[in-house]
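What follows is a set of notes on a single structure, which appears directly below.
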Number of protein chains: 2
Amino acid sequence: MRLTRISEIRRRELRRAAFEVLQKEGMAGATLEKVATHAGASKGIVLHYFANKQELFEHAMREANVALKEAVVDRLNRARTPRERLEAIIEANFEERFFQPSVCHAWLSLCAEVPREPQLARIQKVIHARMRSNLLSALTDLLPAGECEAVALGITSLIDGLWLRLGLQSEGLTRDIALAQMRDYLAHRVPEA
Amino acid sequence: MRLTRISEIRRRELRRAAFEVLQKEGMAGATLEKVATHAGASKGIVLHYFANKQELFEHAMREANVALKEAVVDRLNRARTPRERLEAIIEANFEERFFQPSVCHAWLSLCAEVPREPQLARIQKVIHARMRSNLLSALTDLLPAGECEAVALGITSLIDGLWLRLGLQSEGLTRDIALAQMRDYLAHRVPEA
DNA sequence: CTAAAAACTGACCCATGGGTCAACAATTGA
DNA sequence: TCAATTGTTGACCCATGGGTCAGTTTTTAG
């Protein structure tokens, strides 16, 4: 049990290092060497804990996803009304620690690999499914059944679009503007009372 | 002048080949060799017409962008009312030849490089600026001045988000659904009359 | 205390791929 | 017709980086 602990610590360090290198270097530039150095280890150790580069970045993506998921769950637990649940989901996606150009760059790099890496595609699918499910559960209490799907797609697309924009043209797009945009959508598409 | 013609033809062939290889292989997998083979030429010729890999893909992105721009201009010319101009811009972005998973994959790969390639960033900036300008010119006639910027951002973000989703999870997202989503947004945010 | 298991390292292998170059083919213009 | 320009090729160079491995250190468990 001590054993597993060291290996778990190391694996987490390497996952994190991988994600951080990804932020600056992109997928092609994120070499095992750089990840190892960034984690303060040798290249050999990376391949000791992860079978290959793909697996490493697969786990990096998974961990980043878990962090987002926990942020959402955390806020959902505090929410009382359906409206609050809706806002909780949205606000979690724009928390400062997530909504940053560098984080977005890393995501973009991972997303660009999705079409060629089934494992990444699977993770992406899970993310979408959870998002949809969370949104629908809040929306069913706020809108006629026939509109829920469309609005859920609208919200996720808006979020993704704002994220993408942050990654491509960070100047001029702040967290506040992004959140204002989401509220603008809700105000018109899911009007209160 | 005959000379320039051959070189222009060759350059275009190579740009196109580059974009097409990008669709299937991603940036890392899109080697000069593959691009050359796909264009029916040798690797040497690619570097005869383009200084290096970056320049090749920069031109590939530029050409793809021009195609989209022309589609927009084409539809804008046919549009009579501000409302039609708005719809023209949106519909151009969802034309079948553009709104395809493989095309989206290529775009994603290019976008992922934007943070590390100033030339790509410049192109991206131009694209955004043109989009914004087009939208604002239509929106000023339809909305109070204070709302135009926000709605323009909303529309572009929605478009980008739907594109991203098409690239990540092509199953289940059709052109019709995407267009319906855009119309849903307009119906609620830019109501007619 | 000690042997086995796990953690870790650095040297090495090798395929890949970007980029160079010398030479050859074709086209062109006078 | 014939130089000069342009187009084109394939061989070559070389840095990079993923992955392997033999061997060393550290940890753990009995």
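Just so it is clear, the values below take in all heavy atoms, side chains as well, and ignore hydrogens, waters and symmetry mates. So that the names make sense, note that chain A is the first sequence line, chain B the second, and so on, each numbered from 1.
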Between [atom2] on [N] and [atom1] on [X], what's the gap in Å once rounded to a whole number?
X       : N      : atom1 : atom2 : answer
B/Lys53 : C/dT16 : NZ    : C1'   : 11 Å
B/Arg12 : D/dG7  : CZ    : P     : 15 Å
B/Gln54 : C/dG18 : CD    : C1'   : 9 Å
A/Ile9  : C/dA6  : CD1   : P     : 17 Å
A/Glu55 : D/dG18 : CD    : C1'   : 14 Å
A/His48 : D/dG23 : NE2   : P     : 18 Å
B/Ile45 : C/dT20 : CD1   : C1'   : 14 Å
B/His38 : C/dG17 : NE2   : C1'   : 19 Å

- request: Could you tell me whether a side-chain N or O of A/Ser170 sits under 3.5 Å from a main-chain N or O of A/Gly167, the two making a donor and an acceptor?
  value: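 Judged by distance alone, no pair lies under 3.5 Å.
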
If you restrict it to nitrogen or oxygen atoms, what contacts under 3.5 Å exist between nucleotides 11-13 of chain D and the protein, and what is each distance?
none

task: Answer with yes or no whether the side chains of A/Arg116 and B/His105 bring together a donor and an acceptor at under 3.5 Å.
output: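 No - no donor-acceptor pair under 3.5 Å links their side chains.
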
query: For residues 108-120 of chain A, which residues have at least one heavy atom under 4.0 Å from DNA chain C?
result: none

message: If the condition is side chain to side chain donor-acceptor pair (under 3.5 Å), which residues does A/Asp74 pass it with, not counting sequence neighbours?
response: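 Side chain to side chain donor-acceptor pair (under 3.5 Å) list for A/Asp74, sorted by chain: A/Arg78.
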
- prompt: Base, sugar-phosphate, or nothing for A/Phe50, non-hydrogen atoms under 4.0 angstrom?
  reply: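 No contact at all - A/Phe50 keeps every heavy atom at 4.0 Å or more from the nucleic acid.
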
- request: Would you indicate what B/Leu47 reaches in the nucleic acid, counting non-hydrogen atoms under 4.0 angstrom: base, sugar-phosphate, or nothing?
  value: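 Result for B/Leu47 = base.
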
field: Check: A/Leu56 and A/Leu32 side chains under 4.5 Å, non-hydrogen atoms
entry: yes

Would you indicate which nucleotide in [options] comes nearest to any side-chain atom of [X]?
X       : options                : result
A/Thr31 : D/dG10, C/dG19, D/dG17 : D/dG17
B/Tyr49 : C/dG18, D/dT9, D/dG7   : D/dG7
A/Arg10 : D/dG18, D/dT9, C/dC8   : C/dC8

query: Sequence neighbours excluded, which residues qualify as ring pair (Phe, Tyr, Trp, His ring centres under 6.0 Å) partners of B/His59?
result: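 Once residues adjacent in sequence are excluded, the partners of B/His59 under the ring pair (Phe, Tyr, Trp, His ring centres under 6.0 Å) criterion are B/Phe50.
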
- prompt: ring pair (Phe, Tyr, Trp, His ring centres under 6.0 Å) with B/Phe99: which residues, sequence neighbours excluded?
  reply: B/Phe94, B/Trp163

message: Heavy-atom count check: over 12 atoms from other residues, nucleotides or ligands less than 6.0 Å from A/Glu171 CD?
response: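 Yes, CD of A/Glu171 has more than 12 neighbouring heavy atoms, counting only those of other groups under 6.0 Å.
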
- prompt: Which pairs pass salt bridge (charged side-chain N to carboxylate O under 4.0 Å, His left out) with one or both residues in residues 58-72 of chain A, sequence neighbours excluded?
  reply: A/Arg15-A/Glu63, A/Arg16-A/Glu63, A/Glu58-A/Arg62

- request: Would you kindly confirm whether A/Leu136 and A/Met131 end up in one hydrophobic cluster when ILVMFWY residues are joined by side chain heavy atoms under 4.5 Å apart?
  value: no

